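As the structure is a computational prediction, the values presented were derived from the model and not from experiment.
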Amino acid sequence: MIKFSTLLLVFFSISTLSAQQISKTNTNNEKDKTTKSQDTILNDKSKADNELQEIVVSASRKAEILDEVPSSVTLLSKKQIQQQLSISSNLSDILGATVPGLGFSTNRTQNLGQTLRGRRVLVMIDGIPQSTPLRDGAKDMRSLDPTVLDRVEVIKGATAIYGNGADGGLINYITKKSNPDKAISGSTEAGTAFSLVKPAETAGFFVSQLFTGKIKKFDYVVSGRYEETGLYRDAKGRVLSPEYGMNDLKNWNAFAKVGYDFNDNNRLELMYNYFESTQHTDYVAKAGVYGNFDSPTIGIKGQRPGEPEGTPYNHNASLSYIGKNFIGKTDVNASLYFQDYLTLINYSDFFENNGQPATQSKKLGFRLNLNTPYEFSTLISGNLTYGLDILSDITDTHLTDGRLVIPEMKMNNIAPYFQLKNMFGPNLVLKTGLRLENVNIDVPDYTTIGIRNYVNGTYVGGGIAVNGRELDFNALMFNAGLRYTKWSLFKPFVSFSQSFSVADLGLVLRAAKENTVNNTSIKAVTANNYEFGFSGAWAKLSYEAAVYYSTSKLGASYVYIDGNPQISRSPEKIYGFELSAKYRLHSKVDIGANYSFTEGKRELTDKKVYLGGDRINPPKITAFTVIRPLEAWSIYLQMINTPGRDRFEPVNGAYTYGTGPIKSFTAFNLSSSYTFREKSTIRLGIENLFNKDYYSVISQWQSSNMNYVKENGTRLTVSFTQAF
């Protein structure tokens, strides 16, 4: 492990010297960029690829035009989020329906198996990591309420920009900004949602309030939202299973962001978000019969043991300083942040003597990001982005009765990085970068708890006294990308990027069979991602395409051995492609579609086998139509389809975890909004418009009687918003 003090001293010496030297050069090439509206598709008829002029910050930790990013990026605007929010308030649903390459929604509070291009995704709120790499609880996508989002930035493929956990890419939730035009403005919203199939007990409601404005040098955004979901029913009117279910949730979200502008070049900003989502239901799960279409797992009346499941709290806060021309022409952004998160899953017999697991994670971090522009000539210019990430993460899993499942793992992560963006003339962009990961994890002594073997019903592995130790991981990650932007019809890019992650250490420790951590199969995963793609526009048509290939010498797939979950460390290869297009049929009608395909295999000693459904989602096809009959009235119709995936044969007549075949399905959603008197808006959304009867993707590949759950039947959401 590199000593922190030495590393910090060397880094700041280099960065200060670089800033002073490079900032002396001519920086006239740095022009102000204004974020353009993404509220409608192809707003400017004379510029069909206007979306490529959108500003993205997550791709290189600096605001830049999307047109100059040599990698695949998906942006969800505020209006796109609102279109989806009228259909479902579950962020897993919203992202699954809109992001090519991201797995299908689970229709649960858990996003297990909702990978990005077959690998884990790092989820962040304004750069604050929500994912828990030390013990993956797969609940990071539902880490806040979508009503506080200004936009979502999805960077695809292994990335060396943010480090630990971004094997498949990253999702950055960008929260709302203040309205600087008034001292006080805002909106009030109220609505209800219920099933149109046997609506009894399904009615839920939500209310929210937003205040925003600017007073002298202060600006602010403050909002709160409360929601109760009611019961969810399938197309036949049967209550869905409450296990990880969206049934009877009580969701709270409180958000505040306050900024102070010392002057035009110096700003201080404080952000806080509180999210809670817990289940309060009178239903228990009744197991179905896997493979029998008419025998799903359902909810029946009963008393659920244990405490309410879900996320009792998720606190996020950050204090940021933004300085322009801090040293010469060098800009600086420094942020101190923390997260305190707790999640509970269901009470069960998985652990010996039964129990209810809770995973807690506390993060404290600091990010220093500097950017220095340069110009050597009219043909060579660019900027250097460099900085330091420091993160402390303490994670454990315990039972609510006090027994320890996974000890309190303490991770310290120090990572200096730099990214160089060079423009060769106005059209050729070259980006390169390095990130040095230094990870230390302290694992204390602990004693294992017996885990149920679902093959023979016995409990194994309990009572082993494991001696803890410190684990050190070091990795130097590299990325490079090239993009050419001269032709509006064809703007190609090619990129290579590496990622680093510690693959679910908690799962390894939970099932340890040795008396020392040193003997367990704990190794980090480094993934290499290769990608070629292009974007373009012609008349009223815009389009994008990408082909990708990623490898890792060590895998991170869950496999069941003797009835117990373990991690397979075999080499992996994943490949796929994505296509998307949008077209303006008429000044009042837009259409669009995208297709994404991912496949992957892992290498065993004597053969190659396909990766399971927990890693590889089936091909996804989505299409939409936006109609604007009036300036104040819009209608959005969406189709989601998969042709399915069937890669495995049953063993002894039964499918195991991750191998179940996924059948094809097609479903439609509808949302519409109408604004009258300029500030009053009525919204209507219909999920599963034609009441399609089908199983969720996760319920099919899990191959389990208890998890064999259907999707929602037709569900209606109606709301009214009054702005002021």
Side-chain angles (χ1 to χ4, degrees), residues 1-4 6-19 21-22 56-62 64 68-71 119 122 124 127 129 133 155-170 330-334 365-374 380-391 412-424 429-440 472-483 493-502 524-531 550-553:
M1 170 68 71
I2 298 176
K3 289 186 176 181
F4 170 66
T6 303
L7 182 64
L8 195 61
L9 179 61
V10 173
F11 173 77
F12 275 109
S13 298
I14 294 174
S15 63
T16 304
L17 179 61
S18 300
Q21 289 179 341
I22 298 177
V56 59
V57 297
S58 303
S60 60
R61 304 173 77 136
K62 176 190 179 297
E64 60 182 338
E68 297 178 355
V69 177
S71 60
R119 296 188 183 276
L122 174 64
M124 302 183 294
I155 315 300
K156 302 174 188 177
T159 175
I161 307 297
Y162 287 90
N164 195 1
D167 296 340
L170 61 96
T330 297
D331 297 339
V332 63
N333 189 322
F366 175 74
R367 294 193 310 268
L368 177 66
N369 193 70
L370 300 104
N371 182 267
T372 304
Y374 63 87
I380 301 178
S381 62
N383 56 73
L384 179 65
T385 301
Y386 47 106
L388 183 70
D389 287 344
I390 303 174
L391 173 64
N412 292 309
N413 189 355
I414 302 173
Y417 63 88
F418 84 89
Q419 298 289 318
L420 179 67
K421 177 182 178 181
N422 200 87
M423 299 292 300
F424 296 95
V429 185
L430 173 65
K431 294 179 69 173
T432 57
L434 290 171
R435 180 184 176 94
L436 178 61
E437 290 283 0
N438 298 273
V439 178
N440 172 265
D472 290 331
F473 304 91
N474 298 280
L476 181 64
M477 297 180 294
F478 172 74
N479 67 282
L482 193 67
R483 183 160 192 153
F493 71 84
V494 61
S495 69
F496 169 78
S497 187
Q498 294 178 305
S499 69
F500 166 90
S501 67
V502 180
V525 174
T526 300
N528 299 316
N529 187 78
Y530 309 83
E531 183 174 12
S550 69
T551 65
S552 56
K553 293 182 180 179

Looking only at side chains, do Ser58 and Tyr162 share a donor and an acceptor under 3.5 Å apart?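 Distance-only check fails for Ser58 and Tyr162.
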Please report the shortest heavy-atom distance between [X] and [Y], naming the atom on each side.
X      : Y      : answer
Met124 : Pro129 : CG-CA, 4.0 Å
Asn438 : Pro416 : ND2-CD, 4.3 Å
Ser497 : Asn479 : OG-CB, 3.5 Å
Ser501 : Gly165 : CB-N, 3.5 Å
Tyr417 : Leu368 : OH-O, 3.2 Å
Phe493 : Ser71  : CE1-CA, 3.6 Å

Just verifying a value: how many Å separate [X] [atom1] and [Y] [atom2], rounded to the nearest 0.5 Å?
X      : Y      : atom1 : atom2 : result
Asp167 : Gln498 : CG    : CD    : 12.0 Å
Lys62  : Asn371 : NZ    : CG    : 5.0 Å
Tyr386 : Thr330 : OH    : OG1   : 4.0 Å
Tyr374 : Ile380 : OH    : CD1   : 8.5 Å
Phe496 : Leu482 : CZ    : CG    : 15.0 Å
Thr526 : Glu437 : OG1   : CD    : 9.5 Å

Option among Arg483, Lys421, Lys431 that satisfies the salt bridge (Lys or Arg N to Asp or Glu O under 4.0 Å) test with Glu68: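 That would be Lys421; it is the only one of Arg483, Lys421, Lys431 passing the salt bridge (Lys or Arg N to Asp or Glu O under 4.0 Å) with Glu68.
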Phe478 and Asn528, any side-chain heavy atoms less than 4.5 Å apart: no
Do the side chains of Ile414 and Leu388 get nearer than 4.5 Å, heavy atoms only?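 Leu388 vs Ile414: side chains touch.
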Apply side-chain hydrogen bond (donor to acceptor under 3.5 Å, both in side chains) to [X] and list each qualifying residue two or more places apart in sequence or on a separate chain.
X      : value
Ser552 : Arg119
Asn529 : none
Glu531 : Ser72, Arg117

Please check if the side chain of Arg61 supplies one atom and the backbone of Gln419 the other of a donor-acceptor pair under 3.5 Å. no
